[in-house]
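Letters A, B, ... are given to chains in the order of the sequence lines, protein chains preceding strands, and every chain is numbered from 1.
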Amino acid sequence: MNLRQDRSPNETDIRALYDALLEAYGPQNWWPGDGPFEVIVGAILTQNTSWTNVEKALEALKSAGLWSIGALHETPLDRLAGTIRSSGYYNQKARKLKTFAELVEAEYAGNLARFLALPLVDLRPELLAVWGIGEETADDIVLYAAGHASFVIDGYTRRIVDRLGWRVDGEAYGDYQALFSDRLPADARLFNEYHALIVRHAADVCRPTPVCEGCVLLATCPTGVERIRR
DNA sequence: TACCAGGTGACTG
DNA sequence: CAGTCACATGGT
């Protein structure tokens, strides 16, 4: 949306963004969840929802004794929905949790670790086949619960990429993902930290109305330069 | 008071 | 395939 000509970033640009964010904010130590089960539930509950609202719902699930695949599977939809109320879209999300639990119960004997042990090429498609799990949620789970190098693209990532004026070959999830995946080694630790840093930067600085003064990316950001000049 | 938040699926042309 | 809409709470 900036007035300059977009250009495709090269490997140096992609690495420089990571280095600048890491230098500015330090390691983020994501995912903010304790173990694969919490990562998965959190990934579903945080869809288009602030993490603070999700935290309340996670605590409510624990307090209600609904902290297992089996419990999600067996608990009536209405009770589950009421328990996760604070995360918003609670009817839809309750259905999503139950649909995922149903898969693990039916195909993996309720053994989450066994499901997550699938190779990446099988795990990601299996997740995408679950009602309520789209590309970002699948990659959250693949990366932060299973530890595979699948780069996560979210609204924050798109916003930063767009403001930096980086040309993307389309608007689809995979188009943004390729921007990073094609220019980085497939390293889960790197992808993990990179996405966490993007979230940190977008939430604190590159907000809907950006706080460009003092931004560590200002020197290379057309949007920032344009805003500061006025 | 609107707007925003770590999206997804259903439906339409 | 791209655009539009429903889904919903809590913080600023």
Inset, instruction - Using the P atom on both, measure C/dA8 against B/dA10 and round to a whole Å. - result: 14 Å
Inset, instruction - Check every strand shown and say whether A/Ser86 touches a base, only sugar-phosphate, or nothing at a heavy-atom separation below 4.0 Å. - result: sugar-phosphate
Inset, instruction - Scan for ring-ring contact (aromatic ring centres under 6.0 Å, His included) pairs involving residues 54-86 of chain A, sequence neighbours excluded, and state none if there are none. - result: A/Phe37-A/Trp67
Inset, instruction - Select from A/Ala172 and A/Thr52 the residue whose nearest nucleotide in DNA chain C is closer to the 5' end of that strand. - result: A/Ala172
Legend entry - Inter- and intrachain pairs under side-chain hydrogen bond (donor to acceptor under 3.5 Å, both in side chains), touching residues 198-216 of chain A, at least two apart: A/Tyr25-A/His201, A/Gln28-A/Arg200, A/Arg200-A/Asp204
Inset, instruction - Applying side-chain contact (heavy atoms from CB on, under 4.5 Å), name anything that partners A/Thr83, two or more places apart in sequence or on another chain. - result: A/Ala60, A/Leu61, A/Ala64, A/Leu66, A/Arg79
Inset, instruction - List, by chain and then residue number, the residues other than A/Val211 in its hydrophobic cluster (Ile/Leu/Val/Met/Phe/Trp/Tyr, side-chain heavy atoms under 4.5 Å); write none if there are no others. - result: none
Inset, instruction - Classify the nucleic acid contact of A/Lys56 as base, sugar-phosphate or nothing, counting any heavy atom under 4.0 Å across all strands shown. - result: sugar-phosphate
Inset, instruction - Specify the residue among A/Arg85 and A/Glu171 whose closest nucleotide of DNA chain C lies further upstream toward the 5′ end. - result: A/Glu171
Inset, instruction - For B/dC3 versus C/dC5, give the span between their P atoms, rounded off to a whole number of Å. - result: 15 Å
Legend entry - With sequence neighbours excluded, residues passing side-chain contact (heavy atoms from CB on, under 4.5 Å) with A/Asn111: A/Ala113, A/Arg114
Inset, instruction - Can you sort out the partners of A/Pro208 under side-chain contact (heavy atoms from CB on, under 4.5 Å), two or more places apart, ordered by chain and number? - result: A/Arg159
Inset, instruction - Using chain A heavy atoms and a threshold of under 4.0 Å, write down where along DNA chain C the contacts begin and end, 5' to 3'. - result: C/dC7 to C/dG11
Legend entry - Sequence neighbours excluded, every pair satisfying side-chain hydrogen bond (donor to acceptor under 3.5 Å, both in side chains) that has a member inside residues 138-152 of chain A: A/Arg124-A/Asp139, A/Asp139-A/Ser150, A/Asp139-A/Tyr173, A/Asp139-A/Gln177
Inset, instruction - Let me have a per-nucleotide readout for nucleotides 7-13 of chain B, 5' to 3', with B, S or -, counting only protein heavy atoms under 4.0 Å. - result: BSSS---
Inset, instruction - Using a cut-off of 6.0 Å, state whether more than 12 heavy atoms not belonging to A/Asp19 lie near its atom CG. - result: yes
Inset, instruction - Check each residue of residues 187-212 of chain A for a non-hydrogen atom within less than 4.0 Å of any atom in DNA chain C, then write out the ones that pass by number, or none. - result: none
Legend entry - Under the side-chain contact (heavy atoms from CB on, under 4.5 Å) test, residues paired with A/Leu77 that sit two or more places apart: A/Ala94, A/Arg95, A/Lys98
Legend entry - Inter- and intrachain pairs under salt bridge (charged side-chain N to carboxylate O under 4.0 Å, His left out), touching residues 39-51 of chain A, at least two apart: none
Inset, instruction - Establish, yes or no, whether a centroid distance under 6.0 Å links the rings of A/Phe100 and A/Phe115. - result: yes
